[in-house]
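Presented below is the structure to which this report refers.
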Amino acid sequence: MPELPEVEVVRAGLAPAVTGARVVAAEVRDPRALKRHVPLGGDDGLGGHGVTLPAEAAATRAADFERRVTGLTLGSPARRGKFMWVPVAAERPTAEPWSLLAHLGMSGQLLLRDTTALDDRHVRIRLWIEHPTHGELRLDFADQRLFGSLALDRLAPTPDGAPGGFGGDAEVPALLPVQAARIARDPLDPHFDDAEFVASARRRGSGIKQLLLDQSLVSGVGNIYADEALWRARMHPETPGRRISAARLTELLALLRDVFAQALAEGGTSFDEQYVNVNGQAGYFSRYLHSYGRTAEPCDRCGTKIERIPFAGRSSHFCPKCQRLR
DNA sequence: CAAGCTTCCTGCATGC
DNA sequence: TGCATGCAGGAAGCTT
């Protein structure tokens, strides 16, 4: 399940291969992988997410994407939370800036393959790219469960004038894909505002787990890293935000950064083989999980059995002794 | 504005 | 064996 560390591994893996490359051809095999793509000439009236596409609209969307992505020259990939995008070179200096946007959902993969490689499973969209030094490559978007998607999306200026997101060594302009406008900065972003997160969280009555998953407060956190950060902070997932001190929330952010950094160093978490890097390889952080997916196993701190409680149609995992609700 | 629910989707595990 | 059911997840877009 790609969360911030997994998306960052993919972004970094993509960078050397796509920066400066030109898209020479495109094939949309399944238009459902274009959920976030809005065809030019206005909205097709169908919105994106949560709408089953009638066949005609799906075909229009696929054709529009294939036509417009072909010939584009790609820039340096950037990321904010779980959203990732590659700016595309403008045809005219005055033209509006656009990007190729990717969200991996929960099973999306971006795979760099040799042009002669056999198909991976669930390839939904294929781009053939030509790089000045690496030659011709395939960039395949594979996605079993179709919660992810690619799109061409306009870039808009960031309200704070700071870079749109993280781009490794490359400088990221102060632009953000329109679809990521409501996504907060992530904790690894130097422009993330700890005080603003703390203040927002303390205004809310929802449980801290819920708040960590709210991408408008802090981005990049999913079910795995929310549970892991809360385990480290010894915080019960249902503790209301407004009952947590500013100091404890600041501490939680620091621990979240620690978990992210360690996961990144291990190449991410490949919990059920859904996540792989651009070469199809799994990450190793699942070995170091303390709470997520460890129901009934002993807590690494105190030996008490980890509990699983239902939460918003999924699960929270925590140690009932270390993480008390008071 | 906040909070809760539903929707999109497939593959695997479980139960009868 | 074969079928039905449940579950996993992110984020948008509803309603309350």
Side-chain angles (χ1 to χ4, degrees), chain A residues 1-7 10 29-38 43-54 57-58 61 79-85 101-109 120-125 141-151 153 176-184 186 196 199-228 237-243 268-275 286 289 291-295 308-317:
Chain A
M1 292 140 229
E3 302 179 30
L4 185 149
E6 293 75 35
V7 180
V10 172
R29 297 187 177 182
D30 191 333
R32 293 175 301 175
L34 287 175
K35 255 174 200 160
R36 292 175 175 82
H37 180 70
V38 180
D43 200 339
D44 54 10
L46 296 164
H49 227 266
V51 177
T52 306
L53 234 46
R61 215 175 264 211
R79 179 194 55 73
R80 175 184 290 216
K82 304 171 201 172
F83 278 86
M84 177 169 36
W85 67 95
L101 177 74
H103 196 293
L104 301 179
M106 70 172 293
S107 57
Q109 306 174 338
D120 292 277
R121 292 186 75 187
H122 309 299
V123 172
R124 312 291 186 177
I125 297 173
F141 178 72
D143 190 2
Q144 179 204 109
R145 291 176 217 180
L146 288 161
F147 275 32
S149 72
L150 297 187
D153 197 22
L176 187 65
V178 170
Q179 298 199 31
R182 276 176 290 184
I183 305 299
D186 61 62
E196 193 186 317
S200 312
R202 282 172 55 78
R203 280 195 296 266
R204 305 265 298 257
S206 309
I208 184 62
K209 167 90 178 258
Q210 183 110 285
L211 299 179
L212 284 175
L213 295 181
D214 185 336
Q215 306 294 304
S216 69
L217 295 178
V218 54
S219 68
V221 188
N223 214 29
I224 297 177
Y225 296 105
D227 283 0
E228 291 300 309
E238 290 169 341
T239 315
R242 62 169 62 107
R243 294 194 47 202
T269 304
S270 299
F271 194 74
D272 54 4
E273 284 102 53
Q274 290 299 348
Y275 159 73
S286 57
L289 296 175
S291 55
Y292 182 84
R294 297 198 51 197
T295 310
R308 173 186 170 276
I309 50 171
F311 157 79
R314 58 196 96 162
S315 306
S316 287
H317 312 76

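FYI, side chains are in, hydrogens and waters are out, and symmetry mates aren't considered; it's all heavy atoms of this structure. A quick note: this is a predicted structure, and the numbers were derived from the prediction, not measured.
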- Query: Counting any heavy atom closer than 4.0 Å, what does R203(A) reach on the DNA or RNA strands: base, sugar-phosphate only, or nothing?
  - Reply: nothing
- To the side chain of E3(A), which of dG13(C), dT10(B), dG10(C) is closest? dG10(C)
- Query: D214(A): what forms a side-chain hydrogen bond (donor to acceptor under 3.5 Å, both in side chains) with it, not counting sequence neighbours?
  - Reply: R204(A), S216(A)
- Message: Could you tell me how far apart L34(A) (CG) and dC9(B) (P) are, to the nearest whole angstrom?
- Response: 14 Å
- Q215(A) side chain near dA11(C) phosphate (N/O to OP1/OP2, under 4.0 Å): yes
- Query: Which of residues 216-228 of chain A sit near DNA chain C, with a heavy atom under 4.0 Å from it?
  - Reply: G222(A), N223(A)
- Would you say the side chain of Q179(A) lies within less than 4.5 Å of the side chain of W85(A), judging by non-hydrogen atoms? no
- Message: So S315(A), base contact, sugar-phosphate only, or nothing? Heavy-atom distance under 4.0 Å.
- Response: sugar-phosphate
- Task: Check whether any side-chain N or O of R308(A) sits under 4.0 Å from OP1 or OP2 of dA8(C), and answer yes or no.
- Result: yes
- Atom CZ of R145(A) to atom P of dG9(C): distance rounded to whole Å? 9 Å
- Task: Mind checking salt bridge (Lys or Arg N to Asp or Glu O under 4.0 Å) for D186(A) and listing every partner two or more places apart, or none if nothing turns up?
- Result: R79(A)
- Message: Considering every strand and a 4.0 Å limit on heavy-atom distances, what is the contact class for G205(A): base, sugar-phosphate, or nothing?
- Response: sugar-phosphate
- Can you name the salt bridge (Lys or Arg N to Asp or Glu O under 4.0 Å) partners of R124(A), sequence neighbours left out? D30(A)
- Query: Does the side chain of K82(A) come within less than 4.5 Å of L104(A)'s, by heavy atoms?
  - Reply: no
- Item | Separation of dG10(C) C1' from F147(A) CZ (nearest whole Å) | 7 Å
- Message: I'd like to know if the side chain of E238(A) and the backbone of S206(A) have a donor-acceptor N/O pair within less than 3.5 Å.
- Response: no
- Atom CG of L150(A) and atom CG of L34(A): how far apart are they, to the nearest 0.5 Å? 7.0 Å
- Query: What is the distance, rounded to the nearest whole Å, between atom CG of D143(A) and atom C1' of dC9(B)?
  - Reply: 9 Å
- Tell me, please, which residues at least two apart from Y292(A) pass side-chain hydrogen bond (donor to acceptor under 3.5 Å, both in side chains). none
- Testing dC9(B), dG11(B), dG13(C) for proximity to the side chain of R121(A), the answer is dG11(B)
- Angle between terminal axes - the helix from dA2(B)-dT16(C) to dC16(B)-dG2(C), 5 pairs each end, rounded to 10°: 50°
- Note on the structure: side chain to side chain contact (heavy atoms under 4.5 Å, CB included) filter on R29(A), not counting sequence neighbours, yields E27(A), D119(A), V123(A), R126(A)
- Message: Can you tell me whether the side chain of R204(A) and the base of dA3(B) have a donor-acceptor pair closer than 3.5 Å?
- Response: no
- Value in whole Å for how far the P atom of dC9(B) lies from CZ of R36(A): 13 Å
- Message: From CG of L101(A) over to P of dA12(C), roughly how many Å is that when rounded to an integer?
- Response: 11 Å
- Note on the structure: Of the listed dC8(B), dT10(B), dA12(C), the closest approach to the I183(A) side chain comes from dA12(C)
Between the protein and nucleotides 4-6 of chain B, are there any N/O to N/O pairs under 3.5 Å, and if so, what are the atom names and distances?
residue: dG4(B); atom: OP2; partner: Q210(A); partner atom: NE2; Å: 3.3

- Message: Between H103(A) and dA11(C), is there a contact of a side-chain N or O with OP1 or OP2 at under 4.0 Å?
- Response: yes
- Note on the structure: Quick note, Y292(A) side chain, CB onward, closest among dA8(C), dG13(C), dC8(B) is dA8(C)
- Can you name the salt bridge (Lys or Arg N to Asp or Glu O under 4.0 Å) partners of R314(A), sequence neighbours left out? none
- Note on the structure: Sequence neighbours excluded, the answer for side-chain hydrogen bond (donor to acceptor under 3.5 Å, both in side chains) partners of R202(A) is none
- Query: Which residue pairs satisfy the salt bridge (charged side-chain N to carboxylate O under 4.0 Å, His left out) criterion with at least one member in residues 217-227 of chain A, sequence neighbours excluded?
  - Reply: K209(A)-D227(A)
- Whole angstrom is fine here: how far is it from CD in Q144(A) over to C1' in dA8(C)? 10 Å
- The side-chain hydrogen bond (donor to acceptor under 3.5 Å, both in side chains) partners of R294(A) (sequence neighbours excluded) come to E297(A), D300(A)
- Message: Just N and O in the side chain of K35(A): are any of them under 4.0 Å from OP1 or OP2 of dC8(B)?
- Response: no
- Task: Return the value, rounded to whole Å, for the distance between atom CG of L104(A) and atom C1' of dA8(C).
- Result: 17 Å
- Taking only the side-chain nitrogens and oxygens of R32(A), find out if one of them lies under 4.0 Å from OP1 or OP2 of dC8(B). no
